[in-house]
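No hydrogens, no waters, no symmetry mates; every other heavy atom, side chains included, goes into these values. Here is the naming used below: chain letters follow the sequence lines, and residue numbers restart at 1 for every chain.
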Protein chains: 2
Amino acid sequence: MQRGTFQLMKSVNKSIILNKIRTSEPISRAQIAKDTKLTPPTVSSIVKELIEQELVRESDLGESKGGRKPTMLHINNNAFYVVGVDAGPETVECILADLSGKIVERVSSKLNIPITNGQFISILKENIHKILHTSKPYHDKILGIGVAMHGVVDIETGTSLVAPNLDLRNIPIKQKLEEEFNLVVNVENDARAMALGESWFGGHGDADSMVAVNIGRGVGSGVVINGKLYHGAQDIAGEIGHMTIDINGEICECGSRGCLQTFASGVAIAERTRKKLEGKSETITGEEVYKLAESGNTAYIEILEETGMIIGIGLTNLIHLINPRKIVLGGGVMKSKKFILPKIKQTIEQRVLSPAAKETEVTVTKLGEDATLLGAVSLLLVELFDPV
Amino acid sequence: MQRGTFQLMKSVNKSIILNKIRTSEPISRAQIAKDTKLTPPTVSSIVKELIEQELVRESDLGESKGGRKPTMLHINNNAFYVVGVDAGPETVECILADLSGKIVERVSSKLNIPITNGQFISILKENIHKILHTSKPYHDKILGIGVAMHGVVDIETGTSLVAPNLDLRNIPIKQKLEEEFNLVVNVENDARAMALGESWFGGHGDADSMVAVNIGRGVGSGVVINGKLYHGAQDIAGEIGHMTIDINGEICECGSRGCLQTFASGVAIAERTRKKLEGKSETITGEEVYKLAESGNTAYIEILEETGMIIGIGLTNLIHLINPRKIVLGGGVMKSKKFILPKIKQTIEQRVLSPAAKETEVTVTKLGEDATLLGAVSLLLVELFDPV
DNA sequence: TTAATTTAATTAATCATGTTATAATATATT
DNA sequence: AATATATTATAACATGATTAATTAAATTAA
């Protein structure tokens with residue numbers, strides 16, 4: 001357990017002030033003191049340090065409230081930059097972003113499967129080199145590299161233990177990239193990174209807890225409690241995709257029956273459509289189901305609504321167990337939000353036990369395609385803003 | 001957020017030391033310093049305070065390891081006492097326990113249903129008065145009253161919002177008892193209290209996370225993370241009983257279909273038995289199923305094994321979402337552990353995704369009948385030992 | 001205008017509490 | 001007996017929050 005030291009005391013306060021500025025800028029020293037209950041001298045001295053570190057800057061004076069005008073404070077978004085990598089099952093995307101999540105550089109590559117561990121690492125390196133090459137002016141301001149990797153990740157060592165879609169195992173991502181770039185590297189599962197990015201950049205104020213669920217090729221989620229990712233004892237907390245909701249259901253790729261993923265993933269929706277509506281040999285994709293529904297075809301609308309209902313059941317189970325303040329949904333399947341989201345909400349409303357918890361806010365991510373990339377970036381920002 | 005103050009620093013260290021003594025007594029000051037990384041003077045000065053507060057006492061000298069003999073420290077279990085109340089659906093039990101959980105007084109009453117809010121409060125008061133009457137020597141050492149109440153509880157106000165089996169609502173337990181006894185009163189849901197008691201008294205060392213599941217009349221659970229109960233945003237975290245595991249299952253009393261509770265509770269087991277094995281009019285209780293299984297009747301054994309398998313599916317969902325270090329099972333149904341527990345373990349082993357998480361330790365509570373009562377007691381001990 | 005009042009921020013003195021260094025004590029080993 | 005080592009205590013020091021006083025700049029009242 002963390003000892004009580006002077007450093008602890010200070011870094012707690014520093015983190016409180018920094019986050020206050022981040023979430024409420026522009027804000028004056030006096031206002032920070034009022035809101036955080038810290039005393040004015042404490043706020044002043046810490047702000048002074050933050051300004052010296054260039055993390056915070058002063059701007060023009062604010063409006064007076066019957067006395068001296070306050071000097072307003074802001075985060076200096078250009079103080080530092082972070083490299084964010086989204087290593088998905090088909091592509092590697094790579095960005096350079098500032099502290100506000102503004103993307104200043106972007107490159108990407110397709111992955112040619114099959115691929116070896118070495119080739120995969122090479123592609124990561126190549127992309128990051130490209131980003132660094134085109135962004136020389138920022139070089140001494142780069143905090144590190146955040147990698148959002150699909151599959152199972154060991155966070156301690158930054159190793160991808162299982163990357164199912166690439167059919168790779170035990171890729172020492174952190175080690176190889178730290179060797180190559182001499183920068184701090186944090187690796188995290190992609191759904192979890194997305195959750196952190198959502199909590200960081202999604203404009204959720206200081207919601208104490210949040211779960212972000214990615215519904216696409218698979219179904220994954222990340223749990224954020226008090227601004228930090230909750231991993232659980234063996235790093236599988238939030239593994240919602242293989243939650244059994246139908247003990248007699250279809251067999252899942254994991255070997256069990258009736259996992260949420262066998263109903264809700266893009267592939268599963270397509271499959272269900274085929275069974276219900278088309279001849280067995282017919283092929284249809286999730287995307288096409290959405291388009292047909294969008295064009296007003298009620299049979300396809302029903303399929304999507306049913307999907308929403310089932311996702312709602314899964315989320316009700318999640319609410320009953322984790323009871324987060326907010327749930328944020330993302331991923332390809334949520335492109336059909338028009339049909340799916342209302343049913344999800346309705347199902348939760350009907351099924352959640354406690355009247356208070358029925359209010360759990362369920363929304364679709366506003367970060368769109370870049371949610372995971374920004375999540376990768378936030379893997380490093382958390383260390384800067386919440387070092388405790 | 002908690003500010004960084006000198007008090008914080010100190011209470012963090014105090015709590016570290018107190019818990020170290022609690023979990024490792026007898027232990028010397030020097031050993032505490034080594035184990036906790038605190039410096040010897042810090043340990044000495046805090047221990048001095050703890051001895052002055054009578055929370056800690058010195059005993060005889062320990063064995064020398066080549067130098068001065070260490071003076072060993074212990075928790076002074078008789079320094080304080082706590083009243084613990086288990087307000088179940090049929091009875092009210094009430095104990096006085098010391099800091100080690102040793103029960104020194106015990107009384108209980110049957111509840112005659114129907115009952116009013118006023119009558120219920122009266123019975124609580126009556127029981128607590130009895131306990132206090134027979135334990136006068138301890139009076140000035142009583143820390144407070146912990147109440148484990150079945151149903152939905154608002155922890156802030158200490159109000160029982162819904163007590164389904166008594167058919168009562170909005171009972172202001174905390175307020176009424178604080179008025180009557182002028183002692184601190186903490187109220188908590190019974191399954192959660194049991195979880196805290198298990199983590200406190202169950203000999204789990206310092207497992208970082210634990211879920212205790214009560215399977216009896218209903219199915220409930222409590223989640224303990226870092227020694228503290230995790231409540232979630234609206235106090236329903238751990239509500240495992242109404243987790244849907246069969247979207248096409250039987251209708252549950254909550255209105256949904258296929259909740260875990262419709263398979264695993266004592267009543268549900270009896271019902272399933274009737275459907276499978278007996279004529280419709282036949283009545284059999286969960287207890288009888290166990291006895292018949294115990295006597296070697298394979299049909300009944302199968303029913304219990306099936307129950308174990310289903311509970312295993314529910315727990316697998318829980319592991320995937322919360323991923324606790326340990327799961328502890330209690331409640332009436334676990335009397336059939338001989339038949340149920342192996343199947344639970346087997347199911348988890350088969351279904352959990354990550355090899356590491358398959359190792360999640362699943363055990364039956366060692367606290368037995370008193371788990372919930374000791375949980376009620378621990379509601380106050382947490383404040384004493386972990387004030388941060 | 002000028003003086004009084006209010007709000008903002010800084011400075012200096014103080015206090016709480018952990019850390020470092022040293023001393024005191026008791027025991028085991030040689 | 002001499003030396004080394006473990007345990008605990010004490011004194012001097014360092015860190016960083018807090019309190020109180022001070023300066024600064026604006027608004028409001030006279």
Short side-chain N/O contact from B:N13 to OP1 or OP2 of C:dT17, under 4.0 Å = no
task = For C:dT17, take OP1 and OP2 only and decide whether either is under 4.0 Å from a side-chain N or O of B:S45.
result = no
message = Just to be sure I understand the rule, does B:T42 reach a base, reach only the sugar-phosphate, or reach nothing, if contact means heavy atoms closer than 4.0 Å?
response = base
message = In whole Å, I'd like the distance from the NZ atom of A:K69 to the C1' atom of D:dT27.
response = 11 Å
query = Any side-chain donor-acceptor pair under 3.5 Å between B:S15 and B:D386?
reply = yes
key: Donor-acceptor pair between A:H74 and A:S59 side chains, under 3.5 angstrom   = yes
ask   = Could you give the CG-to-C1' distance, from B:L38 to D:dT8, as a whole number of Å?
value = 16 Å
query = Between A:T39 and D:dA17, is there a side-chain N or O to OP1/OP2 distance below 4.0 Å?
reply = no
inquiry  = Suppose we call a contact any N or O donor and acceptor under 3.5 Å apart; does that hold for the side chain of B:R68 and the base of C:dA26?
reply    = no
ask   = B:S44 side chain N/O closer than 4.0 Å to the phosphate oxygens (OP1, OP2) of D:dT8?
value = no
query = Pairs in or reaching into residues 31-43 of chain B: which pass salt bridge (Lys or Arg N to Asp or Glu O under 4.0 Å), with residues at least two apart or in two chains?
reply = B:K20-B:D35
query = To the nearest angstrom, how far is A:M9 atom CE from D:dA14 atom P?
reply = 16 Å
query = Starting at CD1 of B:I46 and ending at P of C:dA16, how long is that distance when rounded to a whole Å?
reply = 15 Å
request  = Could you tell me the separation between the NZ atom of B:K48 and the C1' atom of D:dA9, rounded to a whole number of Å?
outcome  = 10 Å
ask   = To the nearest angstrom, how far is A:K10 atom NZ from D:dA14 atom C1'?
value = 13 Å
query = When the distance from CG of B:L8 to C1' of D:dA17 is rounded to whole Å, what number comes out?
reply = 12 Å
inquiry  = Quick check on D:dT18: is either OP1 or OP2 less than 4.0 Å from any side-chain nitrogen or oxygen of B:R3?
reply    = yes
message = Holding to salt bridge (charged side-chain N to carboxylate O under 4.0 Å, His left out), I want the full list of residues that pass it with A:E178, two or more places apart in sequence or in another chain.
response = A:K174
ask   = Taking for each residue the nucleotide of DNA chain C with the nearest heavy atom, is it A:P40 or B:K37 whose nucleotide lies nearer the 5' end?
value = A:P40
request  = Output the residues of residues 15-36 of chain B in contact with DNA chain D, where contact means a heavy atom of the residue under 4.0 Å from an atom of the strand; sort by number or write none.
outcome  = B:S28, B:R29, B:A30, B:K34
ask   = Between the side chains of B:Q53 and B:K14, does any donor sit under 3.5 Å from an acceptor?
value = yes
DNA chain D: 5'-proximal contact among A:F6 and A:G67 (nearest heavy atom) = A:F6
query = Hey, is B:K141 close enough to B:E54 for a salt bridge, meaning N to O under 4.0 Å?
reply = no
ask   = Hey, which of these two, A:E58 or B:S11, hits DNA chain C nearer its 5' end, going by closest nucleotide?
value = A:E58
ask   = Does any donor atom in the side chain of B:N323 or A:Q234 lie under 3.5 Å from an acceptor atom in the other side chain?
value = yes
